[in-house]
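Fair warning: this is a prediction, and the values are worked out from it, not measured in the lab. Read the numbers this way: they start at 1 and go in the same order the structure lists the ligands and their atoms.
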Amino acid sequence: MDRFVVEPTPLPGLLQLRRLPRADARGYLERLYDQADLSGVFGDRVVRQVNRTLTRKKGAVRGMHLQMGKHAEAKLVTCVRGKVFDVAVDLRQGSGTFLHWHGVLLDGDGSESLFIPEGFAHGFQTLTDDCEMLYLHTAAYEPGAEMGVHPEDTAIAIAWPGEITDMSVRDGSHPRIDASFKGVLT
Ligand SMILES: Cc1cn([C@H]2C[C@H](O)[C@@H](COP(=O)(O)OP(=O)(O)O[C@H]3O[C@@H](C)C(=O)[C@@H](O)[C@H]3O)O2)c(=O)[nH]c1=O
């Protein structure tokens with residue numbers, strides 16, 4: 001493995017990847033994904049779709065999203081333009097870090113990506129205007145299997161770095177977690 005450094009996070013299974021670009025006088029080339037180099041991270045999972053998003057406004061939040069059941073997926077999340085505070089929340093039933101969150105800075109000019117396994121909700125807040133994100137997903141999009149957690153849910157208490165300036169109607173309507181929520185099966 002010479003294109004990535006894989007680092008653990010405080011949440012088991014959630015991994016931070018540092019890409020190792022090959023630079024020369026023109027600039028650099030970096031690999032965003034490599035099946036062989038990342039086999040220890042992805043295991044048997046197969047990348048089934050790649051999505052790109054643009055978020056125009058600084059302070060906007062997208063999330064917190066996951067797919068459940070047989071449509072559960074892992075994601076490799078990379079910022080390719082701008083800067084975001086990227087967050088994953090452990091919703092795995094029985095996990096020792098259930099409802100804990102972890103945030104990392106992803107920078108379009110940096111080299112970090114986040115590998116988010118099944119059973120985690122994911123979201124981010126933009127720290128600049130015009131942020132582009134690139135997602136590798138290990139499952140097809142299945143709207144009926146989506147679950148959302150409100151980004152400002154007090155049971156999770158994510159410390160967003162700034163005021164939330166924009167959010168979709170859907171994200172603002174995600175239900176709040178209560179005592180009956182025991183997590184998702186993975
Ligand atoms: C997630 C998704 C959405 N869509 C469609 C549905 C809708 O018309 C439009 C925008 O969808 P959303 O509002 O769900 O987009 P967005 O809020 O950007 O959803 C994304 O949020 C981040 C935080 C994630 O982790 C991603 O996995 C994904 O859930 O794109 C797809 O066609 N394929 C997809 O995989």
Shortest protein heavy-atom distance from [atom], along with the residue and atom involved:
atom                    : answer
atom 4 (N) of ligand 1  : Tyr141 CE2, 3.5 Å
atom 22 (C) of ligand 1 : Tyr135 OH, 3.2 Å
atom 25 (O) of ligand 1 : His122 ND1, 2.6 Å

Next item on the list: For ligand 1, indicate whether the residue His137 contacts it via side chain, backbone, both or neither (heavy-atom separation under 4.0 Å).
Entry: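 Contact part for His137 vs ligand 1: side chain (C-beta onward).
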I'd like to know if [X] and [Y] make a salt bridge, using a cut-off of under 4.0 Å between side-chain N and carboxylate O.
X      : Y      : answer
Arg170 : Glu146 : yes
Arg22  : Asp2   : yes
Glu30  : Arg3   : no
Arg18  : Glu7   : yes
Arg45  : Glu118 : yes

Determine whether any protein heavy atom is located less than 4.0 Å from [atom].
atom                    : value
atom 8 (O) of ligand 1  : no
atom 2 (C) of ligand 1  : yes
atom 30 (O) of ligand 1 : no
atom 11 (O) of ligand 1 : no

Margin query: If hydrophobic clusters are built by linking Ile, Leu, Val, Met, Phe, Trp and Tyr wherever their side-chain heavy atoms come under 4.5 Å apart, do Leu14 and Trp101 end up in the same one?
Written below: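 Cluster IDs for Leu14 and Trp101 differ.
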Check: Given His65, Arg62, Gln49, Met167, which one has a non-hydrogen atom that is nearest to atom 21 (O) of ligand 1?
Finding: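 Looking at heavy atoms only, the winner is His65.
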What atoms of ligand 1 come closer than 4.0 angstrom to any heavy atom of [X]?
X      : value
Asn51  : 34 (C), 35 (O)
Arg170 : 12 (P), 14 (O)
Lys75  : 24 (C), 25 (O), 26 (C), 27 (O)

Item checked: Given Val87, Val61, Val89, the one that forms side-chain contact (heavy atoms from CB on, under 4.5 Å) with Pro151 ->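 In the set Val87, Val61, Val89, the residue that makes a side-chain contact (heavy atoms from CB on, under 4.5 Å) with Pro151 is Val61.
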Margin query: Between ligand 1 and Asp171, is the shortest N or O to N or O distance under 3.5 Å?
Written below: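 No, Asp171 has no N/O under 3.5 Å of an N/O on ligand 1.
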Next item on the list: Consider only side-chain N and O atoms of His65 and Asp171, and report whether a donor and an acceptor are under 3.5 Å apart.
Entry: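 On atom types as modelled, these side chains qualify, holding a pair under 3.5 Å.
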Margin query: With heavy-atom distances below 4.5 Å as the criterion, would you say the side chains of Val47 and Gln49 are in contact?
Written below: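 When only atoms from C-beta onward are counted, Gln49 and Val47 do not touch, as no gap falls below 4.5 Å.
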